[in-house]
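See below for the structure under consideration.
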Amino acid sequence: MTNTEREKVVTLLKNYQSYKYAVDNYVSESAYTLSVSKLDFAPRNGSYGSREPGVLTHSSEQDAADYRMYSRLVQMIEGALKTLSDVEYEIIHYKWMKGWTLKEIEVRRNYGIDSTKAIHRRALEKLAICFMFTEPAEILPVQNRSVPGETQEAFA
């Protein structure tokens, strides 16, 4: 496995929980917006009706695109993790999603350090194959995003 392949796998694993949280948050925010928009009869252009889509949540086309990309990444990561054995999954989970060192995994899980390193390396190689055609999401800084109805100073 090349360093580039390893970096890609590690980046996807490290960001998995953030991708998952963002997807779950977008879905719950969308459900909330739909329930609120049914009650929203504020005048619009001199008539009554709901507001323009996205005004209540400040969502944008970029948000929708990010949601689709993050959803795809979450599905791909979860699918790839299913290809691992139970021990491989456990080591990857503790190392990259819980932030443990290999030494901590060895001590806490009662594995030998050589076994832990070998299993970790094998799991990363399997995941590199799974992620062959997958790239981590490019996350734009908040100040580079346009949000309807908000000024960028609000995010500074």
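One-based numbering along the sequence shown. FYI, side chains are in, hydrogens and waters are out, and symmetry mates aren't considered; it's all heavy atoms of this structure.
Every pair passing side-chain hydrogen bond (donor to acceptor under 3.5 Å, both in side chains) that includes a residue from residues 76-86 is listed here, sequence neighbours excluded: Y16-E78, S85-E88. Within the structure, salt bridge (charged side-chain N to carboxylate O under 4.0 Å, His left out) contacts touching residues 2-19 (residues at least two apart or in different chains) are K8-E135. Judged as a salt bridge (charged side-chain N to carboxylate O under 4.0 Å, His left out), the pairs with a partner in residues 109-118 (not counting sequence neighbours) are, in order, E90-R109.
Separating the OG atom in S71 from the OH atom in Y19 is a distance of 12.5 Å, to the nearest 0.5 Å. In this structure, NZ on K20 lies 11.0 Å from CD1 on I77, to the nearest 0.5 angstrom.
In this structure, Y89 is a member of the same hydrophobic cluster as L124, with clusters built from ILVMFWY side-chain heavy atoms closer than 4.5 Å. Grouping the Ile, Leu, Val, Met, Phe, Trp and Tyr side chains by contacts below 4.5 angstrom, directly or via other members, places L12 apart from Y21. Residue V74 is not grouped with residue M76 when hydrophobic side chains (ILVMFWY) are merged at heavy-atom distances under 4.5 angstrom, including chains of intermediate members.
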For salt bridge (Lys or Arg N to Asp or Glu O under 4.0 Å), just list the numbers for R122 and E125, CA-CA rounded to whole Å, side-chain angles, deciding distance to a tenth of an Å, and then say yes or no. CA-CA 5 Å; R122 184 175 64 231; E125 288 170 356; over 6 Å; no
I would like to know whether W96 and V9 meet side-chain contact (heavy atoms from CB on, under 4.5 Å); could you show each step before the answer? CA-CA 10 Å; W96 298 110; V9 170; over 6 Å; no
Verify side-chain contact (heavy atoms from CB on, under 4.5 Å) between L84 and L127, making sure each step is shown before the conclusion. CA-CA 8 Å; L84 303 177; L127 293 172; 4.2 Å; yes
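For R68, there are no side chain to side chain donor-acceptor pair (under 3.5 Å) partners at least two apart in sequence or on another chain. Every residue was checked against the side chain to side chain donor-acceptor pair (under 3.5 Å) condition with H93, not counting sequence neighbours, and none meets it. Take F131 and apply the ring pair (Phe, Tyr, Trp, His ring centres under 6.0 Å) test, not counting sequence neighbours, and it matches no residue. A search for side-chain contact (heavy atoms from CB on, under 4.5 Å) contacts involving Q17 returns M97, not counting sequence neighbours. When the side-chain contact (heavy atoms from CB on, under 4.5 Å) test is applied to S18, no partner is found at least two apart in sequence or on another chain.
Clustering of Ile, Leu, Val, Met, Phe, Trp and Tyr by side-chain heavy atoms under 4.5 Å joins W100 with V87, I91, Y94, L102, I105, Y111, I113, I119. Cluster partners of F133, by chain and number: M132. The rule joins Ile, Leu, Val, Met, Phe, Trp and Tyr whenever side-chain heavy atoms lie under 4.5 Å apart.
What you find for E106 and G112 is that their closest heavy atoms are CG-C, 4.0 Å. Contact detail for P136 and L73: the closest heavy-atom pair is C-CD1, 4.4 Å. Here the shortest heavy-atom pairing between A22 and Y70 reads CB-CD2, 3.6 Å.
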